[in-house]
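Read the numbers this way: they start at 1 and go in the same order the structure lists the ligands and their atoms.
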Amino acid sequence: MKEEGGYLATGDKAQCFGCEACVQACSRGAIGMLADEEGFRYPVVDRAKCVGCGQCRRACPASRPPKRNPPPLAAFGGYALDGTIRGESTSGGFFSVLADAWCSGGGLVFGAVADGLAVRHCGAEHPGGIGRFRKSKYLQSEMGGCYREVRAALAGGKRVLFSGTPCQIAGLKTFLGGTGKPDLLAVEVVCEGVPSPLYIHGFAEWLGHRLGGTVRSIDYRFKDGRRWDFQVMKATLEKPDGTVFGWKQDRWFNPFWSIWLQHLISRPSCYQCPFATPERLADITLGDLWGVHLYCPELYGRNGGASIAFCNTGKGLEVLKAAGHALHGHFLPMEPALRYQGPMRRAIAGNPRREECMADLRTLPFGPFVRKWAEKPGPRLLFSKYVWGNRQKVWCWNRLRGKKKIAEERSGEAG
Ligand SMILES: Cc1cc2nc3c(=O)[nH]c(=O)nc-3n(C[C@H](O)[C@H](O)[C@H](O)COP(=O)(O)OP(=O)(O)OC[C@H]3O[C@@H](n4cnc5c(N)ncnc54)[C@H](O)[C@@H]3O)c2cc1C
């Protein structure tokens with residue numbers, strides 16, 4: 001990634017993260033976002049309104065990358081003690097608990113909400129409106145006027161928590177001028193890249209046609225209490241007579257995960273993401289606690305999910321400590337914590353068949369597309385997921401270590 005340039009100067013799509021900082025920086029309202037043939041949104045300048053002031057270029061994190069933090073000070077693994085929060089969250093519910101800690105005296109929280117199949121960023125007063133931010137929506141969110149709202153809230157002396165993908169944190173920071181803001185807590189998700197919206201639209205159309213309804217919403221990682229429930233996709237559909245019904249599919253049979261995680265349908269910039277390094281921009285980075293069964297099995301969330309939080313700044317660490325009473329967990333050794341989080345170390349690998357796959361996504365009907373590109377789970381994988389796998393291994397491990405030792409650890413950990 002070049003230090004100077006950016007999509008508006010070069011037209012190179014790999015240099016546009018879709019963060020929309022340029023749109024909001026333009027005081028003339030001369031920039032809008034338009035989806036290309038792959039469904040990814042890019043800025044388009046209305047030349048009649050543009051006065052060439054260069055504000056858009058200055059706000060672009062590809063042309064002016066903001067200053068990074070040093071590598072994380074600490075990594076903390078575990079889950080929220082409140083079962084309702086955990087049930088409504090993607091992994092261990094850290095986001096909600098951290099928002100409570102930062103905004104305990106009031107504040108504004110920004111995050112991504114589902115709007116039908118689309119995803120939008122918005123702000124909400126804490127604590128009332130933050131429930132809608134829970135759950136990962138695996139599409140890039142539309143930023144609306146959020147960066148401007150953050151700036152106005154900070155200028156008005158409010159505490160703000162802004163959450164988003166690493167490139168959205170970069171967009172916000174560049175938009176705000178790159179300097180630290182004491183009243184702003186930036187919380188990012190570890191990000192494996194964002195998939196093309198064309199996939200989800202094709203899937204929704206296909207499913208609706210098959211089941212005789214219209215897909216109204218998708219929960220990408222529904223927790224339905226079953227023992228392999230960690231990654232069930234749930235769609236809510238509506239029949240023409242108004243009846244609402246649900247559809248679910250386990251992660252291992254769901255082509256979305258297979259196709260996306262082969263990196264066949266990600267945004268071009270994700271393959272060169274400059275933010276996928278241990279030196280982060282946000283105060284806190286949140287992810288799933290991958291590898292939990294291998295290096296910290298006592299934190300296995302009984303399939304309710306477990307999170308990892310990387311504290312990248314002193315402020316992030318203080319907030320985590322303030323949230324400790326609402327968490328079960330402990331600090332983790334940094335080496336395995338980073339090892340199991342690929343996107344904390346490097347951008348996703350390019351797939352040489354991406355262009356072919358994207359062309360098929362545009363032209364093939366959804367069924368044949370999925371048959372061609374999704375990998376079917378093999379018997380070994382299914383055995384390990386449904387018969388003898390991580391959950392059972394962790395259960396045995398915990399039995400071996402003894403419940404007493406675990407109870408002792410738990411009482412000393414979360415404080
Ligand atoms: C596109 C995407 C890719 C991800 N890839 C990985 C990965 O490779 N490895 C990993 O460990 N974790 C990944 N995550 C993060 C993970 O899914 C959880 O969000 C994280 O573990 C926090 O869970 P939680 O239970 O604490 O939070 P939750 O309560 O589930 O909170 C979700 C948080 O994510 C934000 N969010 C949700 N959807 C979006 C979106 N579309 N854009 C921006 N922000 C959003 C919300 O604003 C909120 O802050 C990804 C998330 C997204 C959105």
Side-chain angles (χ1 to χ4, degrees), residues 17-20 75-80 82 84-100 102 109-115 117-124 126 129-143 146 161-169 171-172 185-197 200 218-223 230-231 256-257 260-261 263 265-267 270 273 275-276 282 284-292 301 304-310 320 323 326-327 329 337-338 340-348:
F17 314 121
C19 71
E20 303 185 38
F76 185 92
Y79 46 82
D82 183 326
T84 308
I85 289 182
R86 201 142 45 104
E88 291 175 357
S89 304
T90 315
S91 51
F94 273 17
F95 162 72
S96 303
V97 174
L98 292 167
D100 290 347
W102 178 248
V109 180
F110 287 82
V113 299
D115 179 6
L117 296 182
V119 186
R120 298 187 207 294
H121 244 73
C122 66
H126 178 272
I130 75 161
R132 292 194 305 153
F133 299 141
R134 288 182 195 135
K135 282 279 166 91
S136 291
K137 299 96 189 167
Y138 289 101
L139 282 183
Q140 186 163 35
S141 61
E142 298 178 18
M143 197 44 70
C146 284
L161 184 156
F162 182 90
S163 66
T165 56
C167 54
Q168 291 171 336
I169 303 293
L172 173 69
L185 185 79
V187 177
E188 67 184 2
V189 289
V190 174
C191 184
E192 181 82 24
V194 285
S196 165
I200 284 300
I218 292 177
D219 183 339
Y220 290 82
R221 286 176 50 178
F222 177 64
K223 298 178 182 177
F230 192 29
Q231 291 181 356
F256 171 73
W257 298 104
W260 177 35
L261 295 177
H263 305 148
I265 54 171
S266 300
R267 188 178 176 101
C270 299
C273 177
F275 312 114
I284 297 178
T285 308
L286 294 179
D288 302 304
L289 186 46
W290 297 125
V292 56
S307 296
I308 187 165
F310 291 92
L320 180 88
L327 297 172
L338 285 173
Y340 288 105
Q341 285 293 354
M344 286 288 288
R345 292 179 281 109
R346 47 169 163 61
I348 56 170

Output block, N or O contacts of ligand 1, threshold 3.5 Å exclusive:
| residue | atom | partner | partner atom | Å |
| --- | --- | --- | --- | --- |
| ligand 1 | 5 (N) | V190 | O | 3.1 |
| ligand 1 | 5 (N) | E192 | N | 3.2 |
| ligand 1 | 8 (O) | E192 | OE1 | 3.3 |
| ligand 1 | 11 (O) | D288 | N | 2.8 |
| ligand 1 | 11 (O) | W290 | NE1 | 3.3 |
| ligand 1 | 11 (O) | Q341 | OE1 | 3.3 |
| ligand 1 | 11 (O) | Q341 | NE2 | 3.2 |
| ligand 1 | 12 (N) | D288 | OD2 | 3.4 |
| ligand 1 | 14 (N) | V190 | O | 3.0 |
| ligand 1 | 17 (O) | S136 | OG | 2.7 |
| ligand 1 | 17 (O) | Y138 | OH | 2.9 |
| ligand 1 | 19 (O) | S136 | OG | 2.7 |
| ligand 1 | 21 (O) | S91 | OG | 2.8 |
| ligand 1 | 21 (O) | G287 | O | 3.1 |
| ligand 1 | 21 (O) | D288 | N | 3.2 |
| ligand 1 | 23 (O) | S91 | OG | 3.0 |
| ligand 1 | 25 (O) | T90 | N | 3.4 |
| ligand 1 | 25 (O) | S91 | N | 2.9 |
| ligand 1 | 25 (O) | S91 | OG | 3.4 |
| ligand 1 | 25 (O) | G93 | N | 2.9 |
| ligand 1 | 26 (O) | F94 | N | 3.0 |
| ligand 1 | 26 (O) | F95 | N | 3.0 |
| ligand 1 | 29 (O) | S89 | OG | 3.3 |
| ligand 1 | 30 (O) | T90 | N | 2.8 |
| ligand 1 | 30 (O) | T90 | OG1 | 2.5 |
| ligand 1 | 30 (O) | K135 | N | 2.9 |
| ligand 1 | 38 (N) | K137 | N | 3.0 |
| ligand 1 | 41 (N) | K137 | O | 2.7 |
| ligand 1 | 41 (N) | L139 | O | 2.7 |
| ligand 1 | 47 (O) | A112 | N | 3.0 |
| ligand 1 | 47 (O) | S163 | OG | 2.9 |
| ligand 1 | 49 (O) | S163 | OG | 2.9 |

Partners meeting side chain to side chain contact (heavy atoms under 4.5 Å, CB included) with V194 (sequence neighbours left out): Q140, R267, C270
Under a 3.5 Å distance rule, please check whether D115 uses its side chain to pair with a backbone N or O of A118 as donor and acceptor. no
Set of residues satisfying ring pair (Phe, Tyr, Trp, His ring centres under 6.0 Å) with respect to Y138, sequence neighbours excluded: Y220, W257, W260
Is it the case that the side chain of K135 and the backbone of R132 share a donor-acceptor pair, with hydrogens and angles ignored and the cut-off at 3.5 Å? no
Under 3.5 Å, is there a donor on one side chain and an acceptor on the other for R221 and S136? no
For F110, all residues meeting ring pair (Phe, Tyr, Trp, His ring centres under 6.0 Å), sequence neighbours excluded: none
